[in-house]
Amino acid sequence: MRRIHVGNALSAFGLGFTVPYLYVYVAQVRDLGAATAGLVLAVFAVAALVVLPFAGRAIVRRGPLPVLLAALASAAVGSLALGISGTAVSVLLSAAVLGAGQAVMQPALATMIVDCSTTETRSRAFALQFFLQNLGLGVGGLIGGHLVDSSRAASFTLLFAIQAAIFLLLVVLMSTVRIPHAPKIEGGTPQGGRASWTQLLGNRAMVQLSVLGFVLFFACYGQFESGLSAYGVEAAGISTSALGTALAANTAMIVVAQFAVLKFVERRKRSRVIAAVGLTWAVAWAIAGYAGLGHGSQAMATGAFVSTYALFGLGEAMLSPTLAPLVADLAPTGMAGQYNSAFALVKQLALAVGPAVGGPLAAALPAPYVVTFLLFSLAITVLAIRLGRRLTPAQNQPSAARTLVVAQGGPSAERASARA
């Protein structure tokens with residue numbers, strides 16, 4: 001588990017190391033124009049949408065570790081190729097290879113965490129994963145920003161070469177991981193791709209969770225670097241330095257609050273935690289509305305906008321030990337890879353649609369933009385409460401279910417339940 005967490009941190013570090021500078025690299029350093037730079041960013045999302053439906057079946061059939069190693073090798077090749085590409089075609093192809101590799105890492109690492117944890121330790125494992133990912137992204141972006149120089153293409157080539165070396169280092173590190181157990185698919189032989197998707201879509205709780213996940217990612221992550229930032233600059237008059245402060249406040253909130261929030265989350269029903277996130281984000285959008293539409297001083301608008309990002313970070317800290325373990329608990333034995341990949345696909349869809357809808361709406365109609373996403377946040381609360389009615393007590397609140405087992409039957413009953 002420690003090696004898996006190191007892998008999570010290093011992969012996030014590599015992502016933060018280069019992605020913030022892709023636009024400048026393609027548009028200005030390689031002089032390929034803004035249109036090509038925009039296409040490169042779109043290629044990352046498209047590549048993820050293409051490979052994720054197949055990644056789940058590969059994880060189920062081959063195990064998460066071989067799939068992760070292949071994804072890391074692919075990302076290393078794509079990163080190195082991107083650093084030496086000089087034409088639009090080679091840049092786009094390299095970005096597709098890099099994007100596909102990075103997309104597959106997420107469900108593969110998540111499945112390894114599931115295999116190396118128990119119901120009791122899973123929430124803490126995913127909370128630590130999220131903490132390290134944000135830390136890796138922040139540190140990677142900070143160091144990468146000090147290495148690059150837009151007047152020297154060689155500095156970007158070095159940046160991408162270092163990223164490729166990080167991925168290859170991870171190949172060596174993760175090759176030493178030994179998964180404690182490899183669950184088999186219930187019913188014996190592995191199912192075909194269509195059958196496995198049919199089984200997943202037949203799980204009503206998982207379908208409801210996927211719909212809820214789409215709304216979550218669309219209303220939060222899909223707005224961070226597009227709609228919300230455009231709204232802050234256009235409607236609230238936020239400076240770029242203040243926008244950077246807001247992003248830093250989001251990361252700082254996650255880093256500071258993650259483990260304090262974890263204690264709160266572990267003792268409560270998961271559906272109610274997600275419902276509380278919806279209410280928290282509704283408050284965040286209301287504060288954002290004041291920042292851009294409240295006609296207060298610039299200092300108050302800036303403070304409100306920074307507070308919006310901080311509240312989003314608080315909600316993210318509540319979700320990290322909740323969503324991923326719930327996906328794992330809904331998956332039948334041996335199907336965690338399929339379910340993790342499906343949920344990652346939902347996330348990528350939301351991240352692709354969110355900026356396309358939020359950016360133009362925020363720039364043209366700031367008031368309807370805030371109202372729209374405030375209503376989306378309230379919808380999160382409603383959907384979470386409805387999901388809670390479909391979950392079993394063990395899925396919704398594992399800690400209470402374990403306490404009930406012990407109280408009713410003692411240790412022998414708990415062991416029997418574990419075997420079942």
Side-chain angles (χ1 to χ4, degrees), residues 19-20 22-24 27 34-35 37-46 137 141 212-251 253-254 277-316 319 346-381 383:
V19 169
L22 269 175
Y23 186 90
V24 173
L39 283 175
V40 166
L41 296 175
V43 160
F44 273 88
V46 172
L137 285 169
L212 173 58
F214 181 88
V215 177
L216 278 165
F217 295 122
F218 178 76
C220 175
Y221 298 96
Q223 303 309 312
F224 268 3
E225 297 176 1
S226 57
L228 191 55
S229 59
Y231 169 83
V233 172
E234 297 293 337
I238 301 300
S239 65
T240 53
S241 60
L243 180 59
T245 302
L247 291 168
N250 174 265
T251 302
M253 175 63 79
I254 293 170
V277 170
L279 294 177
T280 301
W281 287 355
V283 173
W285 282 109
I287 294 174
Y290 170 78
L293 309 170
H295 305 293
S297 67
Q298 188 59 49
M300 293 181 69
T302 300
F305 195 73
V306 172
S307 298
T308 297
Y309 272 81
L311 282 174
F312 274 118
L314 178 61
E316 292 175 77
L319 284 177
V346 168
K347 180 178 180 179
Q348 287 295 330
L349 283 170
L351 294 180
V353 175
V357 174
L361 182 61
L365 301 167
Y369 171 74
V370 170
V371 172
T372 297
F373 285 96
L374 190 152
L375 293 176
F376 265 104
S377 298
L378 294 176
I380 291 170
T381 300
L383 290 171

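Everything numeric in this text was worked out from a predicted model, so none of it was measured. Throughout, numbering of the chain's residues begins at 1 and tracks the sequence.
- For the atom pair Leu314 CG and Leu319 CG, the distance stands at 10.0 Å (nearest 0.5 Å).
- Closest of all the heavy-atom pairs between Tyr290 and Ala304 is CD2-CB, 3.9 Å.
- Between Phe305 atom CZ and Thr245 atom OG1 the span is 11.0 Å, to the nearest 0.5 Å.
- Side chain of Gln298 to main chain of Gly237: a donor-acceptor pair is present (N/O by atom type, distance under 3.5 Å, no hydrogens or angles).
- Separating the CD atom in Glu316 from the OG1 atom in Thr251 is a distance of 8.0 Å, to the nearest 0.5 Å.
- Partners of Ala352 under the side-chain contact (heavy atoms from CB on, under 4.5 Å) rule, at least two apart in sequence or in another chain, are Ala45.
- Residues meeting the side-chain contact (heavy atoms from CB on, under 4.5 Å) test with Ala235, sequence neighbours left out: Tyr231, Pro366.
- Here the straight-line distance linking atom CG of Leu349 with atom CZ of Phe214 works out to 6.5 Å at 0.5 Å rounding.
- Under the side chain to side chain donor-acceptor pair (under 3.5 Å) criterion, Gln348 pairs with no residue at all, not counting sequence neighbours.
- Between the CG atom in Leu216 and the CD1 atom in Ile380 there is a gap of 4.0 Å [rounded to 0.5 Å].
- Counting heavy atoms from C-beta outward, Val357 and Phe218 have side chains that approach closer than 4.5 Å.
- Of all heavy-atom pairs between Asn250 and Gly313, the closest is ND2-N, 3.2 Å.
- When all heavy atoms of Gly213 and Val346 are compared, the closest pair comes out as C-CG1, 4.2 Å.
- Taken from CD1 in Ile287 to OH in Tyr309, the straight-line distance is 14.0 Å, to the nearest 0.5 Å.
- Here side chain to side chain donor-acceptor pair (under 3.5 Å) pairs that include residues 352-373, with residues two or more places apart or in two chains, are Gln223-Tyr369.
- Here the shortest heavy-atom pairing between Ala219 and Phe373 reads CA-CD2, 3.8 Å.
- Scanning for side-chain contact (heavy atoms from CB on, under 4.5 Å) contacts around Ser377 gives Trp281, Ala282, Trp285, with sequence neighbours left out.
- Closest heavy-atom contact between Thr302 and Ala242: CG2-CB, 3.8 Å.
- Annotation: side-chain contact (heavy atoms from CB on, under 4.5 Å) contacts of Leu137 (sequence neighbours excluded): Ala12, Leu15.
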